[in-house]
Amino acid sequence: MAGPVSYAEDWESRDDLVIPFAVEGLDVRGRVVHLGPVVDQILKRHAYPAPVSRLLGEAIALTSLLGTALKFEGRLILQTKTDGPVDLIVVDYQAPDAVRAYARFDADKVAAAEAAQAAKPGALLGNGILALTIDQGPDMARYQGIVELDGASLEEVAHRYFAQSEQIPTFVRLAVGERFERQAGGAPAHHWRAGGVMIQFLPETGERIIARDLHPGDAPEGTEPHAPSEDDAWVEARALVETVEDQELIDPAIAPERLLYRLFHERGARVFDAQPLVDRCRCSRDRLKGILGQFSAEEVSDMTLEDGRITVTCEFCSTTYVYEREEIG
């Protein structure tokens with residue numbers, strides 16, 4: 001279902017969802033993500049330092065924007081491997097709605113970066129690679145796109161990925177923040193929130209398709225080369241989204257429809273059905289037992305504690321599973 005965005009005083013503020021939208025007048029399609037309890041639970045579960053939480057929150061928002069675009073029951077995995085204080089990030093989206101994530105970091109390096117006021121997300125990542133993997137299931141080949149990390153933000157890296165792998169003009173804004181609430185007679189409580197918006201230029205009208213797709217050698221004589229980034233519609237759409245402030249993306253009182261109305265009410269935007277997101281890990285006792293069964297007897301013995309048990313903790317959800325040595329075989 002889809003409907004136009006028109007002004008309403010009583011827009012309902014909702015969390016943990018992605019809302020697809022289209023602005024036909026600008027040949028733009030996009031998505032808005034609003035994350036509340038989902039990102040808060042994931043980040044608090046590991047008690048990350050604040051800079052690490054902000055970085056991982058951005059990665060979760062970005063993966064949610066991309067993953068909910070899947071047209072099949074598959075997975076999208078975002079993974080970074082770098083030399084920075086946060087040397088590994090994994091965000092796993094399982095269609096149609098499940099997200100899980102974790103980050104590995106060097107506590108001393110993160111603390112030093114904070115002390116030097118150099119703990120921005122790009123600096124924490126450092127140099128390395130970001131890989132986006134699309135897994136369509138056991139009977140289908142995986143697709144993976146890789147982009148270099150060199151201290152740039154995840155927003156910039158996303159722009160590079162789409163320019164390099166998809167060749168679709170794309171613009172992304174991401175934001176993560178803490179919301180503090182004070183209960184009467186109690187200490188302040190804080191909750192993590194994250195949000196983002198992504199637009200893509202996908203022209204359907206004849207002249208814009210020609211301008212985007214034709215090589216100068218194929219165009220009629222006298223036609224000037226025209227890059228998609230120079231198209232007036234794309235320039236306008238990107239300029240509008242560049243005005244979005246972080247607070248607008250994470251404020252629980254600002255519904256996604258309200259944001260879209262502010263940005264595109266003159267051009268007209270259509271919103272589609274919201275896609276919910278949940279914090280759900282895919283680990284299970286049987287699943288991890290199967291993995292342990294793939295190790296050699298010697299390796300299993302090395303894992304066994306003095307009481308004859310093997311303890312395994314899931315890096316994503318921190319759930320601990322205890323097995324008797326005899327269970328593994």
Side-chain angles (χ1 to χ4, degrees), residues 18 20-22 26-33 55-56 58-84 86-96 99 101 103 121-122 125-137 139-174 196-204 208-216 218 225-231 233-235 237-238 241-242 275:
V18 172
F21 66 91
L26 297 176
D27 284 332
V28 161
R29 287 186 173 269
R31 292 172 175 267
V32 177
V33 60
L55 173 58
L56 185 56
E58 286 190 3
I60 294 169
L62 177 60
T63 305
S64 299
L65 287 170
L66 302 178
T68 51
L70 295 178
K71 304 300 183 184
F72 48 84
E73 294 292 316
R75 296 168 58 204
L76 185 140
I77 304 118
L78 179 151
Q79 183 171 343
T80 68
K81 291 185 177 181
T82 71
D83 62 1
V86 181
D87 68 330
L88 179 67
I89 285 176
V90 181
V91 186
D92 184 336
Y93 172 86
Q94 173 79 49
V99 181
L125 283 173
N127 298 310
I129 61 167
L130 178 146
L132 283 171
T133 304
I134 297 175
D135 184 350
Q136 303 181 64
D139 299 325
M140 301 289 287
R142 281 190 169 196
Y143 168 80
Q144 186 174 73
I146 295 176
V147 62
E148 183 180 357
L149 294 174
D150 56 4
S153 68
L154 281 179
E155 291 177 351
E156 295 173 280
V157 172
H159 300 157
R160 292 180 193 172
Y161 170 80
F162 279 100
Q164 160 185 311
S165 300
E166 306 291 336
Q167 297 183 340
I168 299 174
T170 302
F171 185 71
V172 176
R173 279 282 289 111
L174 303 170
V197 58
M198 178 178 75
I199 57 170
Q200 294 186 305
F201 185 53
L202 298 167
E204 297 179 359
R208 285 180 182 161
I209 293 176
I210 291 172
R212 184 187 69 171
D213 293 340
L214 281 184
H215 184 278
D218 301 323
H226 185 82
S229 59
E230 297 170 354
D231 188 286
W234 176 241
V235 170
R238 178 167 177 160
V241 176
E242 284 177 339
Q275 298 172 255

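For reference, positions follow the sequence shown, starting with 1. Hydrogens, waters and symmetry mates are skipped; everything else that's a heavy atom, side chains included, is used. Please read these numbers as outputs of a predicted model, since none were measured by experiment.
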Decide, yes or no, whether a salt bridge links Glu156 with Arg160 under the criterion of side-chain N to carboxylate O below 4.0 Å.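 Salt bridge absent between Glu156 and Arg160.
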Requested in this report: Check whether any side-chain heavy atom of Phe201 lies under 4.5 Å from a side-chain heavy atom of Arg238, and answer yes or no.
Outcome: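 Heavy-atom side-chain distance check fails, nothing below 4.5 Å.
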### Query
Does any non-hydrogen side-chain atom of Arg142 lie less than 4.5 Å from one of Arg75?
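Touching, per the 4.5 Å side-chain cut-off.
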Applying the side-chain contact (heavy atoms from CB on, under 4.5 Å) criterion to Ile60, which one of Leu62, Leu56, Thr63 satisfies it?
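One option only clears the test, and that one is Leu56.
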Identified side-chain contact (heavy atoms from CB on, under 4.5 Å) partner of Ile77 from the options Leu132, Ile134, Asp92
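When side-chain contact (heavy atoms from CB on, under 4.5 Å) is applied between Ile77 and each of Leu132, Ile134, Asp92, only Asp92 qualifies.
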Could you report the tightest heavy-atom contact between [X] and [Y], atom names first, then the distance?
| X | Y | result |
| --- | --- | --- |
| Pro121 | Leu55 | CB-CD1, 3.7 Å |
| Ser64 | Val33 | CB-CG2, 4.0 Å |
| Tyr143 | Tyr161 | CE2-OH, 3.7 Å |
| Ala103 | Val86 | CB-CG1, 4.2 Å |
| Ala237 | Leu26 | CB-CD1, 3.9 Å |
| Leu174 | Glu58 | CD1-O, 3.9 Å |

Whether [X] side chain and [Y] backbone form a donor-acceptor pair below 3.5 Å:
| X | Y | answer |
| --- | --- | --- |
| Gln164 | Ile146 | yes |
| Thr80 | Ile89 | yes |
| Gln275 | Pro96 | no |

Measuring from [X]:[atom1] to [Y]:[atom2], what's the distance to the nearest 0.5 Å?
| X | Y | atom1 | atom2 | value |
| --- | --- | --- | --- | --- |
| Leu149 | Lys81 | CG | NZ | 12.5 Å |
| Ile199 | Thr170 | CD1 | OG1 | 8.5 Å |
| Asp83 | Leu125 | CG | CG | 10.0 Å |
| Met198 | Glu155 | CE | CD | 13.0 Å |
| Asp135 | Gln94 | CG | CD | 8.0 Å |

- [ ] Take Leu88 and Gln79 through the side chain to side chain contact (heavy atoms under 4.5 Å, CB included) test and state the conclusion after the steps.
- [x] CA-CA 7 Å; Leu88 179 67; Gln79 183 171 343; 3.7 Å; yes
Run Thr68 and Tyr93 through side chain to side chain contact (heavy atoms under 4.5 Å, CB included) and show every step you take. CA-CA 8 Å; Thr68 51; Tyr93 172 86; 3.6 Å; yes
For Val28 and Phe171, run side chain to side chain contact (heavy atoms under 4.5 Å, CB included): C-alpha distance rounded to whole Å, both residues' side-chain angles, the deciding distance at 0.1 Å, then the answer. CA-CA 11 Å; Val28 161; Phe171 185 71; over 6 Å; no
Can Asp27 and Trp234 be said to form a side chain to side chain contact (heavy atoms under 4.5 Å, CB included), step by step? CA-CA 8 Å; Asp27 284 332; Trp234 176 241; over 6 Å; no
